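Here's the structure we're looking at; comments come further down.
Just so it is clear, the model here is predicted, and its values are computed rather than measured.
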Amino acid sequence: MVSTNVVGILGGMGPAAGADFVRLFVQACAQQMRARGEPVRDQSFPEHWLAQVPVPDRTGALASDASGAHQPLEPMLQALGRLAALGSRAVAIACNTAHAWHANLQERFPQVELLHMARETAQQLAAQGATDVALMATEGTYRVRLYEEALAEAGLACHVPLANERQTIMRGIFDGVKAGNMPLAEQCFSEVALRLAERHGPVTIIMGCTEVPLGLQGSAAVAGLRLVDPAQVLAAALANRAYGAYGAHGAYGASPRPH
């Protein structure tokens, strides 16, 4: 039987994105087995825990300096504590905007490697030879420059949508995916993706909100565009940790951290 580490997924932001992240993680684990020349068996998947917890709106919280129940840090800390108590050695956050609190969460739980979605994505794109990208994300993610900073560290330029296009993305997220109206989500996301491609040429478009791939992937309107799903990148990184790769803390495994 393959030796694995226990890992966790901090979800609930929204629940559909958290559930879809588990699917991506299971796919990544199966790919790990095939790459090792091992049969894909139920018993070879790692123990993994999903915490689907109600977390206040991240974008709304970032727009307010006031403390209170509308802030998401405390429920995320509680959920991360549960995952740590269950033995999780590494944890992935199934929400882009929630990474605004990544440093606070990591500081409180130094025994757990908390993966960083934007950094993992930036490193992968740089390794693939990308030089500039376009970003579709929430207003909160733009506000804290989550991807812009991670991409700049990796040497990549980042193009962002215009203000009205950002509003269209938010409509696709809240009135589309979160409300269960997938046709509206596809319409909103496709419109912005096509505008970005028209302005900036054949750049890779980062689907920097976990709701965006749910409404955009498979859309015939964007069939010719280059799209990258950070959740898929993060799921592969979590699978690496589950099967023994070193994390940022160097806490376990026998293989160096992939770049």
Side-chain angles (χ1 to χ4, degrees), residues 7 9 17 20-21 23-37 90 92-97 99 102 113-138 141-142 144-161 169 189-190 192-219 221-248 253 255-259:
V7 296
I9 300 163
D20 192 61
F21 189 87
R23 177 185 65 84
L24 294 173
F25 174 69
V26 169
Q27 287 182 349
C29 290
Q31 291 171 357
Q32 282 266 353
M33 291 181 230
R34 296 188 188 100
R36 295 165 182 255
I93 307 173
C95 171
N96 286 266
T97 312
H99 283 71
H102 180 277
E113 183 192 6
L114 192 60
L115 305 184
H116 195 288
M117 190 183 295
R119 292 173 193 156
E120 295 285 349
T121 302
Q123 290 169 6
Q124 177 170 300
L125 288 171
Q128 293 172 348
T131 56
D132 62 337
V133 298
L135 174 65
M136 294 178 61
T138 65
T141 295
Y142 292 124
V144 298
R145 295 181 56 80
L146 180 74
Y147 275 91
E148 290 93 320
E149 292 181 1
L151 291 163
E153 289 176 4
L156 280 71
C158 181
H159 305 290
V160 299
I169 294 173
F189 298 151
S190 297
V192 177
L194 291 169
R195 287 185 183 177
L196 286 168
E198 182 179 352
R199 278 201 304 273
H200 304 294
V203 297
T204 297
I205 297 176
I206 296 175
M207 297 181 288
C209 170
T210 45
E211 265 78 29
V212 173
L214 298 179
L216 191 57
Q217 285 184 326
S219 170
V222 298
L225 303 185
R226 291 188 295 193
L227 306 173
V228 62
D229 181 0
Q232 192 169 31
V233 175
L234 186 65
L238 188 64
N240 285 341
R241 307 310 195 269
Y243 285 101
Y246 268 110
S255 303
R257 181 178 181 179
H259 292 284

Is a donor on one side and an acceptor on the other found under 3.5 Å between the side chain of His99 and the backbone of Met117?
yes

Among Leu151, Thr138, Thr97, Thr141, find the one that has a side-chain contact (heavy atoms from CB on, under 4.5 Å) with Leu146.
Thr141

Separation between CG of Leu238 and OH of Tyr243, rounded to the nearest 0.5 Å:
10.5 Å

Under the criterion side chain to side chain contact (heavy atoms under 4.5 Å, CB included), I'd like the reasoning laid out for Asn240 against Gln32: C-alpha separation, chi angles, the key distance, then a yes or no.
CA-CA 8 Å; Asn240 285 341; Gln32 282 266 353; 2.3 Å; yes

Please give me the minimum heavy-atom distance between Leu194 and Ala221, naming the atom from each residue.
CD2-O, 3.5 Å

Tell me, do Leu225 and Leu196 make a side-chain contact under 4.5 Å, heavy atoms counted?
no

When you measure from the side chain of Tyr142 to the backbone of Leu135, do you find a donor-acceptor pair of N or O atoms at a distance under 3.5 Å?
yes

Could you tell me the separation between the CZ atom of Phe21 and the OG1 atom of Thr210, rounded to the nearest 0.5 Å?
10.0 Å

How are the rings of His159 and His200 set to each other: parallel, tilted or perpendicular (split at 30° and 60°)?
parallel

Could you grab the distance from atom CG of Leu125 to atom CG of Asp132, nearest 0.5 Å is fine?
10.5 Å

Test item: Val26 and Arg23 side chains (from C-beta on) under 4.5 Å apart, heavy atoms
no

With a 6.0 Å cut-off (strictly less than), is the heavy-atom count around CD of Gln128, excluding the residue itself, greater than 12?
yes

Look up atom CZ in Arg119 and atom CG in Leu234, then write down how far apart they are to the nearest 0.5 Å.
12.5 Å

Would you check if Ile169 and Pro161 make a side-chain contact, meaning some heavy-atom pair closer than 4.5 Å?
yes

Mind checking the OG1-CG spacing from Thr204 to Leu227? Nearest 0.5 Å is all I need.
8.5 Å

Can you tell if the side chain of Pro202 reaches within under 4.5 Å of the side chain of Arg226, non-hydrogen atoms only?
yes

To the nearest 0.5 Å, what is the distance between CG on Leu24 and CD on Gln232?
6.0 Å

